[in-house]
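None of these values were measured; they are calculated from a predicted model. All heavy atoms count here, side chains included; hydrogens, waters and symmetry mates do not. Whatever order the structure lists them in is the order used to number ligands and atoms, beginning at 1. All residue numbers refer to positions in the sequence shown, counting from 1.
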Amino acid sequence: MSDQVGFVTMAGAKAEGTAPEIGVGMLGYAFMGKAHSNAYKKIPYMIYPPPAVPVLVAIGGRNEEAVSEAAKRYGYATYYTDWREMIKDDRIQLFDNGAPNHLHADPCIAAAKVGKHILCEKPLARTAKEAAMMLEAATKAGVKHMTAFNYRFVPAVRQARHLIESGALGELYHFRAVYLQEWITDPDFGMIWRLDKDQAGSGALGDLGAHIIDLARFLVGEPRRVSAAAQTFIKQRPAAQGEGLEEVTVDDAFVAALEFENGAIGSVEASRFCPGRKNGMVFEVNGSKGSIQFSLERLNELEVFWKGEAPKETQGFHNVMVSESYHPFWSHWWPQGHIIGWEHTFVHEITHLLDAIVNDNPVSPYGADFEDGYKNAVICDAILKSAQTGRRIDVTY
Ligand SMILES: NC(=O)c1ccc[n+]([C@@H]2O[C@H](COP(=O)([O-])OP(=O)(O)OC[C@H]3O[C@@H](n4cnc5c(N)ncnc54)[C@H](O)[C@@H]3O)[C@@H](O)[C@H]2O)c1
């Protein structure tokens with residue numbers, strides 16, 4: 001891609017031929033349903049030419065009034081109140097699962113069996129056992145499968161991966177990540193599916209921790225052992241419906257130490273009990289030649305430090321605006337410095353999957369497939385087991 005992109009080449013891309021169409025069936029119309037639908041709509045004109053043009057065939061939910069409204073709002077041709085009916089729709093080639101975690105396995109396995117490609121939100125499943133069944137079904141069906149670890153698709157995060165891959169950081173010593181939010185600190189905040197083990201699998205671990213565990217694997221490599229502590233601060237909350245209190249059955253926060261196969265060590269911590277922290281995901285990688293730091297709330301930037309850089313009087317962490325044409329994904333966007341946002345990670349992620357489907361390219365290693373989702377679930381299980389037993393737990397896939 002030309003270095004000139006930006007002020008001189010806006011709208012310069014030319015399409016040759018016609019992109020194929022791929023019919024999409026989206027399960028869930030709330031947070032992720034909205035984020036994914038937004039991406040499907042942007043892809044045909046922002047990623048130009050697109051690998052495929054997503055056609056919004058159907059959206060699914062339980063409540064007919066709400067799901068029909070969502071279909072109208074996001075531009076889906078139709079809606080379903082039962083995912084079993086949705087996956088029978090022949091117009092759908094890509095099944096996108098943005099439902100709560102307990103509804104990942106059955107619909108994804110059923111969709112794989114009828115030959116649909118699958119995008120499933122993270123965590124892939126509530127347990128490693130459930131994730132393994134999903135991986136097996138998708139592999140057996142020969143469909144493309146992706147776990148929606150969208151932070152792999154932040155340009156600065158992909159740039160960090162390229163720097164590490166090229167050896168720029170030298171030998172890797174440390175990975176350190178936190179993912180901190182504040183939104184359930186209030187004890188009057190009532191029960192939701194995210195606080196119920198049967199529906200969510202785990203709490204801060206699967207919700208936030210899964211993202212930074214994925215980044216640990218993406219950037220540094222496989223953890224071989226974990227040791228962890230977890231805590232539930234508020235053990236009962238106002239019932240979702242009716243009077244009374246319900247048990248919170250997941251972790252409110254966890255912290256874990258990771259020992260990597262390559263000799264690096266790391267820590268991951270997540271909580272939704274951090275007043276003032278909105279979407280505070282920060283990671284740092286330290287190696288023999290330098291360090292990289294990233295903060296999600298400043299996602300267009302990377303902080304880098306290179307050992308021995310001259311002149312020594314100005315040595316220190318540098319702030320790099322990751323928005324040049326030669327930075328990952330940036331040729332699709334704006335002139336340098338005209339920054340992009342969180343929602344655009346989904347544009348990159350789904351484009352990657354469409355390319356994999358149309359051109360038979362692999363989803364991994366730059367995207368996360370169901371194998372990555374399964375390995376992530378193994379690590380999450382090991383963290384919970386360590387927190388429960390007080391022992392260090394080996395990670396075995
Ligand atoms: N990648 C990310 O950054 C990210 C961010 C948030 C959530 N997530 C993941 O996305 C998934 C959904 O989370 P969310 O925040 O969108 O949740 P949400 O509660 O906002 O939305 C869930 C959707 O699923 C629908 N739903 C619930 N039960 C259903 C059923 N029985 N049948 C059909 N539809 C049903 C709801 O109506 C709603 O539309 C979860 O797995 C979550 O972990 C990922």
Side-chain angles (χ1 to χ4, degrees), residues 25-39 58-71 73-74 76 79-87 95-108 110-111 118-127 130-131 134 146-154 157 179 181 183-184 190-215 240 250 270 272 278-281 296-297 299 341-350 353 367-368 370 372-373 376-377 380:
M26 174 86 231
L27 182 61
Y29 51 83
F31 187 17
M32 283 305 104
K34 182 178 178 182
H36 289 210
S37 301
N38 176 55
I59 190 159
R62 289 157 299 178
N63 176 310
E64 180 156 14
E65 198 186 335
V67 74
S68 64
E69 184 68 26
R73 172 179 178 179
Y74 301 136
Y76 287 84
Y79 64 85
Y80 289 96
T81 53
D82 184 346
W83 59 262
R84 291 170 193 82
E85 294 303 316
M86 182 156 93
I87 60 167
F95 174 68
D96 185 339
N97 193 332
N101 306 346
H102 69 294
L103 269 180
H104 287 184
D106 287 350
C108 287
I118 309 165
L119 172 58
C120 183
E121 262 305 338
K122 47 55 57 182
L124 183 59
R126 293 169 293 182
T127 61
E130 203 173 41
M134 297 170 74
M146 184 183 226
T147 310
F149 283 117
N150 55 310
Y151 296 143
R152 292 185 179 209
F153 293 90
V154 176
V157 173
Y179 201 156
Q181 297 181 346
W183 57 280
I184 56 172
M191 276 300 285
I192 52 168
W193 68 262
R194 285 182 155 87
L195 300 173
D196 175 30
K197 189 175 168 65
D198 286 345
Q199 295 178 80
S202 64
L205 176 61
D207 189 17
L208 307 178
H211 274 299
I212 50 179
I213 290 164
D214 183 62
L215 292 177
V250 298
R272 299 172 293 199
K278 310 297 173 187
N279 199 22
M281 192 270 270
L296 184 59
E297 289 175 350
L299 65 77
W342 171 87
E343 73 271 33
H344 301 117
T345 60
F346 299 95
V347 175
H348 304 153
E349 174 181 81
I350 294 172
L353 178 60
F370 276 16
D372 292 297
N376 193 288
C380 288

Does Tyr151 form a side chain to side chain contact (heavy atoms under 4.5 Å, CB included) with Leu299? I'd like the steps, not just the answer. CA-CA 10 Å; Tyr151 296 143; Leu299 65 77; over 6 Å; no

Under the criterion side chain to side chain contact (heavy atoms under 4.5 Å, CB included), I'd like the reasoning laid out for Lys34 against Arg73: C-alpha separation, chi angles, the key distance, then a yes or no. CA-CA 10 Å; Lys34 182 178 178 182; Arg73 172 179 178 179; 3.5 Å; yes

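Every atom of ligand 1 is numbered from 1 in the order shown, and the set under 4.0 Å from a heavy atom of Gly28 is 23 (C), 24 (O), 39 (O). In summary, the atoms of ligand 1 found under 4.0 Å from a heavy atom of Ala148, numbered by their order in the structure, are 1 (N). Heavy-atom proximity to Asn150, at under 4.0 Å, picks out these atoms of ligand 1: 1 (N), 2 (C), 3 (O). Those atoms of ligand 1 with a heavy atom of Ala99 less than 4.0 angstrom away are 11 (C), 12 (C), 24 (O), 40 (C), 41 (O). Taking a cut-off of under 4.0 Å to the non-hydrogen atoms of Pro123, the atoms of ligand 1 that pass are 43 (O).
At least one side-chain heavy atom of Glu297 sits less than 4.5 Å from a side-chain heavy atom of Asn279. Considering only heavy atoms from C-beta on, Ile213 comes within 4.5 Å of Cys380 through its side chain. Within the 4.5 Å cutoff, side-chain heavy atoms of Trp342 are placed close to those of Asn150. Phe346 is not listed as a side-chain neighbour of Asn38, based on a closest heavy-atom distance of 4.5 Å or more.
Considering only non-hydrogen protein atoms, atom 27 (C) of ligand 1 sits nearest to Arg62 NH2, 3.3 Å. At the shortest separation from atom 34 (N) of ligand 1 among protein heavy atoms lies Gly61 CA, 3.7 Å. Scanning the protein for heavy atoms near atom 24 (O) of ligand 1, the closest one is Pro100 CD, 3.3 Å. Scanning all protein heavy atoms for the shortest distance to atom 44 (C) of ligand 1 gives Glu121 OE1, 3.0 Å. With hydrogens left out, the protein atom closest to atom 12 (C) of ligand 1 is Gly98 O, 3.3 Å, a heavy atom.
If you look at Leu103 next to ligand 1, the close heavy atoms, those under 4.0 Å, all belong to the side chain. Contacts of Arg194 with ligand 1, taken as heavy-atom pairs under 4.0 Å, involve the side chain alone. Proximity of Lys122 to ligand 1, defined as any heavy-atom pair under 4.0 Å, is shared by backbone and side chain alike.
Within the structure, the closest approach of Ala210 to ligand 1 does not fall below 4.0 Å when heavy atoms are considered. In this structure, Trp193 is part of the shell of residues with a heavy atom less than 4.0 angstrom from ligand 1. By the 4.0 Å heavy-atom criterion, His211 is counted among the residues contacting ligand 1. Note on ligand 1: Tyr29 sits in its first shell, one or more heavy atoms being nearer than 4.0 Å.
If you check the side chains of Glu121 and His36, you find a donor sitting under 3.5 Å from an acceptor. In this model, a donor atom of one side chain and an acceptor atom of the other lie less than 3.5 Å apart for Tyr76 and Ser37. Under 3.5 Å, the side chains of Tyr79 and Glu64 contain a donor-acceptor pair of N or O atoms.
A salt bridge does not link Asp214 with Lys122: none of the charged nitrogens is closer than 4.0 Å to a carboxylate oxygen.
The shortest N/O to N/O separation between His104 and ligand 1 falls below 3.5 Å. Of the polar atoms of Met32, at least one N or O is found under 3.5 Å from an N or O of ligand 1, judged by distance alone. Among the atoms of Ala30, some N or O lies under 3.5 angstrom from an N or O of ligand 1. At a 3.5 angstrom cut-off on N or O pairs, Gly33 does not count as close to ligand 1. Looking at ligand 1, you'll find an N or O of Asn101 within less than 3.5 Å of one of its N or O atoms.
Proximity of a side-chain donor or acceptor of Arg126 to a complementary backbone N or O of Asp198 within less than 3.5 Å is detected.
Across all non-hydrogen atoms, the minimal contact from Ala30 to Tyr74 is O-OH, 4.3 Å.
His211 and Phe149 have perpendicular rings, their planes meeting at more than 60° on a 0 to 90° scale where under 30° would count as parallel.
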